[in-house]
Amino acid sequence: MNDPVLATRLRDFGVTVFAEMTALAKQTGALNLGQGFPDSSGPPAVLEAARQAIADGVNQYPPGSGLPQLRNAVAEQRDREYGTAYDPETEVLVTFGATEAIAASLLAFCEPGDEVAVFEPYYDSYAAGIAMAGAQRRAVKLTPTPTGFVFDPDELRRAITSRTRVLLLNSPHNPTGKVFDRRELELIASLCQQHDLIAVTDEVYEYLTYDDFAHHTIASLPGMRERTVAISSGGKTYSVTGWKVGWLCAPKHLVDAVRTVKQYLTFAGGGPFQLAICEGLANQREWVEQLRLSLQTRRDRLSGELTAAGVEVYPAQGTYFLQIDVRPFGYDDTDRFCRELPLHAGVVAVPSTAFYDSKETARTLARLAFCKSEEVLAEAAERLVTFAKRG
Ligand code: PMP
Ligand code: GLN
């Protein structure tokens with residue numbers, strides 16, 4: 001990217017890989033295992049609640065902090081699931097998706113030149129949000145092992161400097177599927193306290209964990225509530241990624257800071273959808289559990305078929321995603337693999353290089369989204385296996 005009209009701090013950013021890959025899927029008619037969105041909509045009662053809210057005239061600006069019904073529902077959910085109590089009046093802020101919550105937090109907390117510690121690979125909007133704030137990212141590598149991705153505690157310690165302001169954590173983690181365990185969270189928490197960092201945690205896949213893995217919020221650890229901004233959204237939990245209803249929970253002084261930014265980015269939006277997500281948070285726990293089980297089965301099938309065909313699949317403990325090694329397909333460059341896969345096999349994947357600073361580490365990794373229907377996944381798996389076996 002070398003666009004002279006784009007501010008220097010954003011010149012590394014072009015079109016997001018998700019937009020690019022979804023466009024490629026549309027253009028080629030390929031099955032889209034690229035962008036992480038489900039191809040069916042969420043709980044009927046949640047969809048109906050949105051229609052009803054529009055019919056009832058909930059169509060003007062919601063309050064800047066979000067509708068009080070949703071702030072109450074979020075506070076109840078955090079308390080019920082994690083034992084973290086927040087005052088819905090002052091400690092919950094509704095945002096335009098988790099994406100806005102993350103960007104507004106970075107803009108609120110970072111001075112130009114400050115540093116943000118982040119685990120690599122990382123979700124693409126993190127690098128952009130850090131750059132918008134004029135801050136620098138310091139990446140700590142997640143390395144694959146047979147039982148999941150791990151980090152080196154010393155590398156994390158080295159990544160934190162006197163300039164570090166925020167530790168940006170995503171668990172369950174996109175794209176590795178890693179669910180950070182308690183021991184790892186305790187280490188991260190102790191470093192946040194030792195260096196007086198704010199923990200910004202992206203928990204959008206909080207319900208989508210598999211096998212015996214469970215999500216813990218770092219805000220529930222001793223000494224962390226007062227320095228954590230816990231972010232989530234309704235998109236993944238209720239299969240409504242296009243609604244962009246997100247939220248954050250944090251002590252009042254942190255919420256006040258983020259609200260200052262947020263009110264000048266979007267002020268507020270999505271009133272009817274905010275009300276509909278209340279229905280989800282209050283009454284759809286069983287639906288979400290069925291979604292989780294179904295995603296686990298879909299993960300197992302896709303992973304099983306690819307493994308049986310000799311493709312290395314990295315174990316995903318949560319989220320919508322698994323990563324594969326592209327070498328069994330005859331490629332050693334995932335960018336080329338992902339560009340050519342729709343043409344040769346009728347499937348779209350995302351090159352994991354989009355999530356890494358060190359492109360070399362991700363050179364042979366691609367991400368597949370398994371949040372698609374059983375039929376789409378079965379057909380995609382067959383196409384991938386045929387492609388892997390060709391020649
Ligand atoms: N964080 C992660 C890790 C994601 O995968 C996504 C994609 N949905 C988001 C944030 C964005 O969430 P939202 O759609 O609520 O803005
Ligand atoms: N979170 C989705 C993914 O990781 C993409 C969302 C987007 O397109 N920005 O695939």
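Starting from 1, each residue takes its place in the sequence as its number. All ligand and atom numbering here is 1-based and tracks the order in the structure.
- Of the candidates T99, D124, V240, T99 brings a heavy atom nearest to atom 16 (O) of ligand 1.
- Counting only heavy atoms of the protein, atom 9 (C) of ligand 1 lies nearest to Y123 CE2, 3.5 Å.
- Ligand-side atoms of ligand 1 in range of N170: 3 (C), range being under 4.0 angstrom from any heavy atom.
- N174 counts as a contact of ligand 2, since one of its heavy atoms falls under 4.0 Å from the ligand.
- Within 6.0 Å of the CZ atom in R301, the count of heavy atoms belonging to other residues, nucleotides or ligands does not exceed 12.
- Using bins of under 30°, 30° to 60° and over 60° for the plane-to-plane angle, the ring pair F267/Y61 lands in the perpendicular bin.
- Ring geometry for Y126 against Y123 counts as perpendicular: the plane angle is over 60°, on a 0 to 90° scale with 30° as the lower cut.
- Residue, atom and distance of the protein heavy atom nearest to atom 2 (C) of ligand 1 are D202 OD2, 3.3 Å.
- Residue G34 places no N or O, backbone or side chain, under 3.5 Å from any N or O of ligand 2.
- The closest approach between F96 and ligand 1 stays at or above 4.0 Å for every heavy atom of the residue.
- Counting heavy atoms closer than 4.0 Å to ligand 2, residue F321 contributes side-chain atoms (C-beta onward) but none from N, CA, C or O.
- With hydrogens and angles left out, the side-chain atoms of E279 and Y238 include no donor and acceptor closer than 3.5 Å.
- Nearest protein neighbour of atom 9 (N) of ligand 2, counting heavy atoms only, is Y123 OH, 3.3 Å.
- With respect to atom 10 (O) of ligand 2, the closest heavy atom belonging to the protein is R367 NH2, 2.6 Å.
- Between F180 and H216, the ring centre distance reaches or exceeds 6.0 Å.
- For the residue pair Y320 and N174, no side-chain donor N or O sits within less than 3.5 Å of a side-chain acceptor on the partner.
- For Q35 against T22, the heavy-atom pair with the smallest separation is OE1-OG1, 2.7 Å.
- Of the N or O atoms in N174, one or more lie within a sub-3.5 Å distance of an N or O in ligand 1.
- When the heavy-atom distances from atom 8 (O) of ligand 2 to M21, Q35, E20, K236 are ranked, the shortest goes to Q35.
- Ranking the protein heavy atoms by distance from atom 14 (O) of ligand 1 puts K244 NZ, 3.2 Å first.
- With hydrogens and angles disregarded, no donor-acceptor distance shorter than 3.5 Å links the side chain of S358 to the backbone of E360.
- Considering only non-hydrogen atoms, atom 13 (P) of ligand 1 lies nearest to A98 out of A98, G36, P175, A101.
- Taking 4.0 Å as the cut-off, K236 counts as a neighbour of ligand 1 on heavy-atom distance.
- Interface atoms of ligand 1 facing Y205, defined by a heavy-atom separation under 4.0 Å, are 3 (C), 4 (C), 5 (O).
- A salt bridge (charged side-chain N to carboxylate O under 4.0 Å, His left out) with E91 is found for exactly one of R225, R71, R78, namely R225.
- Ring geometry, F355 versus F18: the interplanar angle falls from 30° to 60°, so the pair is classed tilted.
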